[in-house]
There are 2 protein chains.
Amino acid sequence: MQGVGATEEAGAGSGVTERQGAVLEQALRLLVDGGERALTTAGVARAANCSKESLYKWFGDRDGLLSAMIAFQASKVRTLDVSGEALDGARLRAHLVAFATDLLEVLAGDVSLALNRLAIGQASREGSRLGRLLEERGRRQIGRRAGALLEAGRNAGLLGFDDAEEAYGALYGLVVADWHLRMLLGEDPSGLKKNFGLRAERAVNAFLALYGRKG
Amino acid sequence: MQGVGATEEAGAGSGVTERQGAVLEQALRLLVDGGERALTTAGVARAANCSKESLYKWFGDRDGLLSAMIAFQASKVRTLDVSGEALDGARLRAHLVAFATDLLEVLAGDVSLALNRLAIGQASREGSRLGRLLEERGRRQIGRRAGALLEAGRNAGLLGFDDAEEAYGALYGLVVADWHLRMLLGEDPSGLKKNFGLRAERAVNAFLALYGRKG
DNA sequence: CTCCATCAGTACCGTACGGTACGGTTCGCA
DNA sequence: TGCGAACCGTACCGTACGGTACTGATGGAG
């Protein structure tokens, strides 16, 4: 179970050995069900059956651990883009709805909420390193998928817009509105999760009413 | 300068003496430019020239202080509703744009961002009391103003919708999108603030395209 | 078998913070 | 002038946490 030479990489390509990945997994679990207060170095060491000294050797300090947790979690998410497919109106709509539901479910996920809370809590400190990291690894990723989808729709003559960023912003806003903030503030997500399908449907309808062509 | 009988109420109707209001003001200032880490009881006492003992007498404990800060800040915001006015298309649009810019500027405000960060940071702890408080005092307030405006527009035959909550969600999403989250994560608001007017304009255009009648 | 690197477990240290207690001071009031 | 309430300033206490140092066990390499 222990690492063999401190050189093996886990499946994710982020310079983390298998053992360290297991430690980060435990740290994420602690963060999810205890908040930042529960994420102490001693607690992580205890939960992961490792020593504090190893934590500091591997991640430098507590901030390094937090950054590694964000990078580790982001490295587990792979967004496959569905380019090169012949699009018609129905297919585009289906892809948009799938994107919208995926977006809602990702944002409502335990780990996502916990990491966003963590980064927001640290935002006013030290120039918001974690915030930028989270934005880079998270939003940029999902934004790319949406961007590719929108571009494909425009190339197929199904969508009309000048600024892709603006169109994406409209789609995001119609889908998410203030639900993300409400969940971050602690509102029970279980009541909201049931409506994800219907919500995604309606948001896509509105988006297509704004940006759709010959539909 | 000192209170005279612990019975005087400040302008806001939230059971807070003038002296206590001044203390809360200092606490908010500390929170704004130092984050939660800077909001220590000793720091508040020092900044406000009061004793820690008084803090605990007035607010119970640290959580009571935080709650009082949120209530105090919310009590300073007064949203006047502009009902009873004869609406035409241009006036409705102007009111919507004004609401949108106000919304963006409120959300981008120093104190608002700091309080939201604070509540989000505590969300996983103790059942998110602060989160619910912030939602109650903040969102509910601005939601009422928007709701009244939308209802007035519908009554004047200028807007068409079945579910007012859904229409408000669309307006909110088109106006704010992910800007609030990005600001909460620490992105520099100065670059975003310049575009508030244009952004509000475009969002209202989109909203009217979705929900407008005979426009 | 021996050497060496890694790591778990623990003890330790300094500090910072929440909360409490106490002495001294101001000020209204009789 | 004396009393009492509120309050400031500060000292104090317990605790929790970040970070470091030490010990002993394991396992691979020569």
Side-chain angles (χ1 to χ4, degrees), chain A residues 1-10 15-27 30-31 33-69 118 121-122 124-126 129-130, chain B residues 1-10 15-27 30-31 33-69 118 121-122 124-126 129-130:
Chain A
M1 192 65 80
Q2 359 240 84
V4 288
T7 55
E8 302 209 6
E9 309 262 330
V16 171
T17 72
E18 192 180 346
R19 174 80 176 119
Q20 291 165 18
V23 171
L24 293 176
E25 203 76 55
Q26 291 301 314
L30 278 182
L31 177 68
D33 46 50
E36 190 189 352
R37 316 286 298 221
L39 195 71
T40 69
T41 56
V44 173
R46 197 180 327 116
N49 284 329
C50 75
S51 70
K52 287 174 67 176
E53 195 172 20
S54 300
L55 285 184
Y56 284 95
K57 166 176 286 190
W58 292 333
F59 307 111
D61 59 358
R62 189 173 184 272
D63 274 8
L65 176 65
L66 302 184
S67 301
M69 288 167 63
L118 178 66
Q122 306 257 334
S124 46
R125 202 178 176 234
E126 66 159 327
R129 266 188 46 250
L130 292 183
Chain B
M1 189 67 79
Q2 355 240 89
V4 288
T7 54
E8 304 207 7
E9 310 260 331
V16 172
T17 71
E18 191 180 348
R19 174 77 176 120
Q20 291 164 18
V23 170
L24 293 176
E25 203 75 56
Q26 290 302 313
L30 278 182
L31 178 67
D33 46 52
E36 191 189 351
R37 316 286 300 221
L39 195 71
T40 68
T41 55
V44 172
R46 197 179 326 117
N49 284 331
C50 75
S51 70
K52 287 173 66 175
E53 195 171 20
S54 300
L55 286 184
Y56 284 95
K57 164 176 287 191
W58 293 333
F59 307 110
D61 58 359
R62 188 172 185 270
D63 273 10
L65 176 66
L66 301 185
S67 302
M69 287 167 64
L118 178 67
Q122 307 256 336
S124 46
R125 203 176 175 238
E126 68 159 325
R129 266 189 47 252
L130 292 183

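Here is the naming used below: chain letters follow the sequence lines, and residue numbers restart at 1 for every chain.
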Whole angstroms only, please: what is the [atom1]-[atom2] distance between [X] and [N]?
X: A:L39; N: D:dG19; atom1: CG; atom2: P; value: 12 Å
X: B:Y56; N: D:dC7; atom1: OH; atom2: P; value: 17 Å
X: B:N49; N: D:dT10; atom1: CG; atom2: P; value: 10 Å
X: B:E18; N: D:dC7; atom1: CD; atom2: P; value: 13 Å
X: B:R19; N: D:dC7; atom1: CZ; atom2: P; value: 8 Å
X: B:R62; N: C:dG19; atom1: CZ; atom2: P; value: 8 Å
X: B:D63; N: C:dC17; atom1: CG; atom2: P; value: 16 Å
X: B:F59; N: D:dC7; atom1: CZ; atom2: P; value: 11 Å

Residues A:C50, A:R19; criterion side-chain contact (heavy atoms from CB on, under 4.5 Å); working and verdict: CA-CA 10 Å; A:C50 75; A:R19 174 80 176 119; 3.5 Å; yes

Side chain proximity check, [X] to [Y], heavy atoms < 4.5 angstrom:
X: B:L39; Y: B:L66; result: yes
X: B:W58; Y: B:T17; result: no
X: B:L24; Y: B:V44; result: no

side-chain N/O [X] vs [N] OP1/OP2, d < 4.0 Å:
X: A:W58; N: C:dC7; answer: yes
X: B:S51; N: D:dT10; answer: no
X: A:T40; N: D:dC17; answer: no
X: A:R37; N: C:dG18; answer: no

Nearest-nucleotide 5' precedence on DNA chain C, A:C50 against B:D61: A:C50

N/O donor-acceptor pair, side chain B:E53 with base D:dC7, under 3.5 angstrom: no

Modelled atom types, side-chain donor and acceptor of B:S67 and B:R129, under 3.5 Å: yes

Minimum-distance nucleotide (side-chain atoms of A:K52 versus C:dT20, D:dC8, D:dG18): D:dG18

